[in-house]
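Residue numbers count from 1 along this sequence.
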Amino acid sequence: DLNEWGIRVAAVGPVFRFVVFRMTGNDLAPVLLPGCVDSLALGAYLATAVAPEYAAHPLVRPIGAPVLWTGVVLFAAYQAAALTDGYWTFRIVVFDLAIALMSLWLVARAAEGMGGLAGRVLENRPLRYVGMISYGIYIYHLMLPDLLPHLAGRLGHPGALGGLGDQTPRYLLFYSAASVAVAAVSWHCFEGPINRLKDRFEYH
């Protein structure tokens, strides 16, 4: 059963994060591939669930409100766990899964078409553009706080970005804007041209 196997694969992620964090104390467990597999499995299921050719498939179930509320409950529990001694363990295990479930529901609903204010927000052109370049934002945003000060130093201005502080509102605003700008350049000069190559191949 597709759903049963999807649940089994998705369960690997939280278990892996729990075991690695408890054994090593390493909070990078969610970055490793086995620690991301719950989000990847849910994303793969989403791609199948919203594809018109699988709409009537007996192993594909609609992504309904229970998915959203499971994510909401896990996220609320994650927030509440901040008051306990086991916060870091709970955070490592639950946070990614909670976000993935809520995102799963939101993207599935958006794929079907949403009305009202939510639909108008999701159809906003600047927001859709950010979505188009979002993979670049994901890739580059952690590099830039180290890369840009180093580059400024190499250009003879070592303290140019020092005034931003660390995790201040100015810091966050600057590096958010820089991430979007770098991702946009990457999309138009690198990712987009590669993506267009797929038009040269026939898929079956």
Side-chain angles (χ1 to χ4, degrees), residues 1-14 30-31 33 35-79 91 93-142 172-173 175-188 190-199 203:
D1 185 288
L2 184 61
N3 291 291
E4 183 180 343
W5 275 105
I7 292 171
R8 289 178 181 177
V9 172
V12 171
V31 178
L33 178 60
C36 302
V37 75
D38 47 339
S39 297
L40 295 172
L42 292 172
Y45 184 79
L46 170 66
T48 305
V50 301
E53 59 267 33
Y54 292 109
H57 197 288
L59 298 182
V60 174
R61 305 288 187 270
I63 299 171
V67 173
L68 169 65
W69 289 111
T70 301
V72 169
V73 169
L74 288 176
F75 187 77
Y78 152 76
Q79 295 287 357
R91 178 188 185 281
V93 173
V94 164
F95 180 76
D96 285 7
L97 180 58
I99 297 299
L101 288 169
M102 292 187 288
S103 301
L104 180 72
W105 177 86
L106 178 62
V107 175
R109 287 293 309 277
E112 296 170 358
M114 297 178 67
L117 177 61
R120 291 195 295 273
V121 169
L122 292 174
E123 290 174 0
N124 180 271
R125 289 187 65 183
L127 185 62
R128 291 170 63 188
Y129 180 79
V130 170
M132 183 177 71
I133 65 171
S134 60
Y135 186 71
I137 296 173
Y138 162 70
I139 291 294
Y140 300 120
H141 81 282
L142 288 178
L172 296 174
L173 181 61
Y175 283 110
S176 295
S179 298
V180 171
V182 171
V185 172
S186 176
W187 172 260
H188 290 289
F190 178 62
E191 299 165 61
I194 292 176
N195 248 359
R196 288 192 289 273
L197 291 176
K198 66 184 180 183
D199 296 335
Y203 292 89

query = Would you find a donor on one side and an acceptor on the other, under 3.5 Å apart, between the side chain of S134 and the backbone of G131?
reply = yes
Exercise. S186 side chain to V182 main-chain N or O, any donor-acceptor pair under 3.5 Å?
Worked result: no
* Are I63 and Y45 close enough, and set up right, to give a side-chain contact (heavy atoms from CB on, under 4.5 Å), and what steps lead you there? -> CA-CA 10 Å; I63 299 171; Y45 184 79; 4.2 Å; yes
Closest heavy-atom pair, C36 versus P30, reported as atoms and distance to 0.1 Å, is SG-O, 2.8 Å
So CE of M102 and CZ of F75: to nearest 0.5 Å the spacing works out to 5.5 Å
When every non-hydrogen atom of S39 is compared with those of A100, the smallest separation belongs to OG-CB, 3.7 Å
All heavy atoms of E123 vs all of R128, minimum pair found to be O-CD, 3.4 Å
Main-chain N/O of V185 paired to H188 side chain as donor or acceptor, under 3.5 Å: no
ask   = Can you check side-chain contact (heavy atoms from CB on, under 4.5 Å) on M132 and W187, steps first, answer last?
value = CA-CA 8 Å; M132 183 177 71; W187 172 260; 3.5 Å; yes
**Study point:** Worked check of side-chain contact (heavy atoms from CB on, under 4.5 Å) between V50 and E112
**Key:** CA-CA 8 Å; V50 301; E112 296 170 358; 5.8 Å; no
Please determine whether the number of non-hydrogen atoms from other residues, nucleotides or ligands lying under 6.0 Å from atom OH of Y129 exceeds 12.
yes
Could you check whether any side-chain heavy atom of I194 comes within less than 4.5 Å of a side-chain heavy atom of F190, counting everything from C-beta outward?
yes
Value for OG (S179) from CD1 (I139), rounded to nearest 0.5 Å, stands at 11.5 Å
Taken to the nearest 0.5 Å, the spacing of I99 CD1 from Y78 OH works out to 8.0 Å
Non-hydrogen side-chain atoms of L122 and M114 separated by less than 4.5 Å: yes
Value for CD (Q79) from CG (L74), rounded to nearest 0.5 Å, stands at 12.0 Å
The reported gap from CZ in R91 to CG in D96 (rounded to nearest 0.5 angstrom) is 8.0 Å
So CG of L104 and CG of L106: to nearest 0.5 Å the spacing works out to 9.5 Å
### Message
Do D38 and P14 make a side-chain contact, defined as non-hydrogen atoms from C-beta onward lying under 4.5 Å apart?
### Response
yes
| request: May I ask you to test the L40-L33 pair for a side-chain heavy-atom distance under 4.5 Å? | output: yes
- Show your working on side-chain contact (heavy atoms from CB on, under 4.5 Å) between L42 and L46 and close with a plain yes or no. CA-CA 6 Å; L42 292 172; L46 170 66; over 6 Å; no
